[in-house]
Amino acid sequence: MEMHVGAVEAGERALIIDDLIATGGTLGAAIRLLERVGVHVVECACVIELPELKGRERLGEKPLFVLVSGDA
Ligand SMILES: O=P(O)(O)OC[C@H]1O[C@H](OP(=O)(O)OP(=O)(O)O)[C@H](O)[C@@H]1O
Ligand SMILES: Nc1ncnc2[nH]cnc12
């Protein structure tokens, strides 16, 4: 995963929004990328969660808001 140089600045607060959380690998990578450059990731939000894949567990204590949770 990558982002543009200058897209964020250390000390900023971020909300990460994605369409879907399955294994949590994508959100986890986004969190690590942002936190590595000093951004505080406040929360994550997704439209759909596939709870069977336990992606939420990979986010640790990070709050996750979802609109719809259900297995495919
Ligand atoms: O929780 P995870 O297991 O990481 O899966 C979720 C990710 O998978 C999908 O992207 P995909 O890689 O299929 O590509 P897309 O951007 O084309 O949707 C989806 O859009 C999420 O970004
Ligand atoms: N299990 C899944 N179903 C649909 N889209 C996905 N993207 C990543 N994992 C997926």
Side-chain angles (χ1 to χ4, degrees):
M1 184 172 290
E2 53 193 66
M3 65 181 170
H4 289 289
V5 172
V8 294
E9 288 179 21
E12 287 182 335
R13 287 152 49 86
L15 164 65
I16 302 176
I17 300 175
D18 203 356
D19 56 346
L20 173 85
I21 177 168
T23 66
T26 303
L27 280 182
I31 293 169
R32 284 194 301 279
L33 179 62
L34 286 162
E35 291 188 341
R36 207 170 70 202
V37 295
V39 171
H40 177 51
V41 177
V42 177
E43 187 167 358
C44 299
C46 292
V47 179
I48 299 168
E49 175 186 23
L50 303 179
E52 207 169 55
L53 299 180
K54 303 186 188 307
R56 193 179 279 272
E57 292 177 12
R58 284 180 75 166
L59 304 186
E61 298 295 304
K62 198 68 73 183
L64 171 68
F65 174 85
V66 297
L67 284 178
V68 182
S69 182
D71 298 318

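For ligands, and for the atoms within them, numbers begin at 1 and follow the listed sequence.
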**Message:** Under 4.0 Å and counting heavy atoms only, is there anything from the protein next to atom 14 (O) of ligand 1?
**Reply:** no
**Non-hydrogen protein atom less than 4.0 angstrom from atom 20 (O) of ligand 1** = yes
**Request:** First locate atom NZ of K62, then atom CD of E43, and finally report the distance between them rounded to the nearest 0.5 Å.
**Result:** 10.0 Å
**Prompt:** At what distance is the nearest protein heavy atom to atom 9 (C) of ligand 1, and which residue and atom is it?
**Reply:** L20 CD2, 4.5 Å
**Message:** Run V42 and L15 through side-chain contact (heavy atoms from CB on, under 4.5 Å) and show every step you take.
**Reply:** CA-CA 6 Å; V42 177; L15 164 65; 5.8 Å; no
**Request:** Please indicate, with yes or no, if any protein heavy atom is found under 4.0 Å from atom 6 (C) of ligand 1?
**Result:** yes
**Request:** Nearest 0.5 Å please: distance from the CD1 atom of I16 over to the CG atom of L27.
**Result:** 6.5 Å
**Fill in**
If you scan protein heavy atoms around atom 3 (O) of ligand 1, the nearest is T23 OG1, 2.5 Å
**Asked** Considering only protein heavy atoms, which is closest to atom 6 (C) of ligand 2, and at what distance to one decimal place?
**Response** L20 CD2, 3.4 Å
**Heavy-atom protein contact below 4.0 Å for atom 17 (O) of ligand 1** = no
**same_hphob_cluster(F65, L20) at 4.5 Å side-chain heavy-atom cutoff** = yes
**Request:** Take atom 1 (O) of ligand 1 and look for protein heavy atoms under 4.0 Å from it; say yes if you find one, no if not.
**Result:** yes
**Prompt:** Linking I/L/V/M/F/W/Y whenever any side-chain heavy atoms sit under 4.5 Å apart, do M1 and L64 land together?
**Reply:** yes
**Message:** Tell me whether G24 has any N or O atom under 3.5 angstrom from an N or O of ligand 1.
**Reply:** yes
**Request:** Check each heavy atom of D18 against ligand 1 and say whether those closer than 4.0 Å belong to the side chain, the backbone, both or neither.
**Result:** side chain
**Asked** Is there a protein heavy atom at a distance of less than 4.0 Å from atom 11 (P) of ligand 1?
**Response** no
**Message:** If I take atom CG from residue L50 and atom CZ from residue R56, how far apart are they, to the nearest 0.5 angstrom?
**Reply:** 12.0 Å
**Complete:** For atom 4 (O) of ligand 1, the closest protein heavy atom turns out to be T26 OG1, 2.5 Å
**Message:** I want to confirm something. Looking only at heavy atoms, which of I48, T23, L50, D19 is nearest to atom 2 (C) of ligand 2?
**Reply:** L50
**Request:** Record the part of D19 in heavy-atom contact with ligand 1 below 4.0 Å; permitted values are side chain, backbone, both and neither.
**Result:** side chain
**Prompt:** Quick one: CD1 on I21 to OG1 on T26, what's the gap to the nearest 0.5 Å?
**Reply:** 8.5 Å
**Message:** Rounded at 0.5 Å granularity, tell me how far CG in D71 sits from CD in E49.
**Reply:** 9.0 Å
**Message:** Just so I know, are the side chains of V66 and C46 near enough to count as touching, which here means a heavy-atom distance under 4.5 Å?
**Reply:** yes
**Nearest-0.5 Å distance, CG of residue D19 to CG of residue L67** = 11.5 Å
**Protein heavy-atom partner closest to atom 9 (N) of ligand 2 - residue, atom, separation in Å** = A22 CB, 3.6 Å
**Message:** Would A22 count as being in polar contact with ligand 1, using the rule that some N or O on each side must be under 3.5 angstrom apart?
**Reply:** yes
